[in-house]
Amino acid sequence: MFVDTLQFLLATVFVHNIVLTQFLGLCPFIGISHHAGAASGMAIATTLILTLTAGLAYPLYWHVLVPLELVELYTLALIFLIASLVQALEILIRISSELLAQRLGVYLPLITSNCAVLGVGLLVVQQELTSWWQSIVFGLGAGLGFSLALIVMAQLRQRLQFAKVAPCLQNIPIGLITAGIASLGLLGLKF
């Protein structure tokens, strides 16, 4: 069981990386990856929200909406769930650490509109994950994959500032080219 769970987690992080192979969450990936500090704060918050969303999406769908025959409302319920989770996390961060709340600033509320978070909630149902535990591992793996992509991209973009890059390729274009090369590297992995 542990080996299967670990294999599933690693496959979610690398082979099925939410950013680099499924192209979800590109707005924060490109927009926030200029600074390593902001990227790491966003990575931690998004990983937490992705894990919670996946963990709560499974019972929401299978234990609430399916028995009530309201599966058509799943996307709407998922959006409400994500907004509630982000709001609760923002309040907890403000209460526990004012410095962290200031550091995250506007990035935390932006998680609500991150398509990776909604995508993970939808993928929990689409992939027909077999258990609540598997959905939590999927959410954690998606969050770790998002974090890995975001932090590595932030480090690469800081190094690219000192490289000789053609003016027409600076900033977002070179970031997308770098992300494309990283995506190609992940396509060769098999788990």
Side-chain angles (χ1 to χ4, degrees), residues 2 5-6 8-10 12-14 16-20 22 24-65 74-125 129 131-158 175 179:
F2 175 75
T5 302
L6 183 62
F8 182 66
L9 178 69
L10 291 174
T12 306
V13 172
F14 295 108
H16 305 290
N17 186 291
I18 200 81
V19 176
L20 298 175
Q22 299 193 24
L24 293 172
L26 289 178
C27 291
F29 176 69
I30 296 299
I32 296 173
S33 62
H34 291 290
H35 308 289
S40 61
M42 180 67 156
I44 292 168
T46 304
T47 299
L48 181 59
I49 293 296
L50 282 168
T51 305
L52 290 172
T53 298
L56 293 173
Y58 184 87
L60 173 68
Y61 185 81
W62 292 109
H63 299 296
V64 176
L65 297 177
Y74 180 60
T75 303
L76 183 64
L78 192 58
I79 291 169
F80 179 73
L81 173 71
I82 293 166
S84 301
L85 286 172
V86 171
Q87 196 71 45
L89 181 63
E90 187 174 10
I91 290 168
L92 285 174
I93 288 174
R94 231 183 276 139
I95 290 171
S96 63
S97 172
E98 188 63 35
L99 178 64
L100 182 59
Q102 288 175 354
R103 186 174 179 197
L104 289 175
V106 72
Y107 299 128
L108 193 56
L110 287 176
I111 295 173
T112 305
S113 62
N114 186 341
C115 62
V117 179
L118 181 62
V120 164
L122 294 172
L123 286 170
V124 163
V125 173
L129 300 178
S131 70
W132 176 69
W133 174 248
Q134 195 176 24
S135 68
I136 290 174
V137 172
F138 177 71
L140 178 63
L144 292 174
F146 179 85
S147 298
L148 176 73
L150 193 63
I151 292 169
V152 167
M153 187 61 156
Q155 297 295 326
L156 287 172
R157 288 183 83 173
Q158 284 183 341

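Nothing fancy with the numbering, it's 1 onward along the sequence. Note that these values count all heavy atoms, side chains included, but never hydrogens, waters or copies made by symmetry.
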Report summary line: Rounding to 0.5 Å, atoms CG (Leu144) and CD1 (Ile151) come to a distance of 9.5 Å
Query raised in the report: Between atom CG of Leu9 and atom CD1 of Ile136, what is the distance when rounded to the nearest 0.5 Å?
Result: 12.5 Å
Query raised in the report: At their closest point, which heavy atom of Val13 faces which heavy atom of Gly141, and how far apart are they?
Result: CG2-O, 3.4 Å
Report task. To the nearest 0.5 angstrom, please state how far the NE2 atom of His16 sits from the CG atom of Leu10. Result -> 11.5 Å
Query raised in the report: Can you name the ring pair (Phe, Tyr, Trp, His ring centres under 6.0 Å) partners of Tyr74, sequence neighbours left out?
Result: Tyr61
Report task. For Leu118 and Leu78, run side-chain contact (heavy atoms from CB on, under 4.5 Å): C-alpha distance rounded to whole Å, both residues' side-chain angles, the deciding distance at 0.1 Å, then the answer. Result -> CA-CA 7 Å; Leu118 181 62; Leu78 192 58; 3.6 Å; yes
Query - Verdict with supporting geometry, Val117 and Ile111, side-chain contact (heavy atoms from CB on, under 4.5 Å) - result: CA-CA 7 Å; Val117 179; Ile111 295 173; 3.9 Å; yes
Report task. Please report the shortest heavy-atom distance between Phe138 and Thr12, naming the atom on each side. Result -> O-CG2, 3.5 Å
Pair up each side-chain donor or acceptor in residues 51-59 with any protein partner under 3.5 Å, not counting sequence neighbours, and list the distances.
residue, atom, partner, partner atom, Å
Thr51, OG1, Thr47, O, 2.8
Thr53, OG1, Ile49, O, 2.7
Tyr58, OH, Thr130, O, 3.3

For residues 81-92, run the donor-acceptor check on the side chains, cut-off 3.5 Å, and write out each pair with its distance to 0.1 Å, sequence neighbours left out.
residue, atom, partner, partner atom, Å
Ser84, OG, Phe80, O, 2.8
Glu90, OE2, Arg94, NH2, 3.0

Requested in this report: Provide the closest heavy-atom pair for Leu50 versus Gly143 in the form atom of the first, atom of the second, distance.
Outcome: CD1-CA, 3.4 Å
Query raised in the report: Say you draw a straight line from CZ of Phe146 to CD of Gln22; how long is it, rounded to the nearest 0.5 Å?
Result: 13.5 Å
Requested in this report: Indicate the atoms forming the closest heavy-atom contact of Leu122 with Thr75, along with that distance.
Outcome: CD2-OG1, 3.9 Å
**Report entry** Leu148 side, atom CG; Asn17 side, atom CG - distance, nearest 0.5 Å
**Finding:** 6.5 Å
Query raised in the report: If you take all heavy atoms of Gly119 and Leu24, which pair is closest and at what distance?
Result: CA-CD1, 4.0 Å
Query raised in the report: Atom CD1 in Ile18, atom OG in Ser147: separation rounded to 0.5 Å?
Result: 12.0 Å
Requested in this report: Taking Ser135 for its side chain and Trp132 for its backbone only, find out whether a donor-acceptor pair lies under 3.5 Å.
Outcome: yes
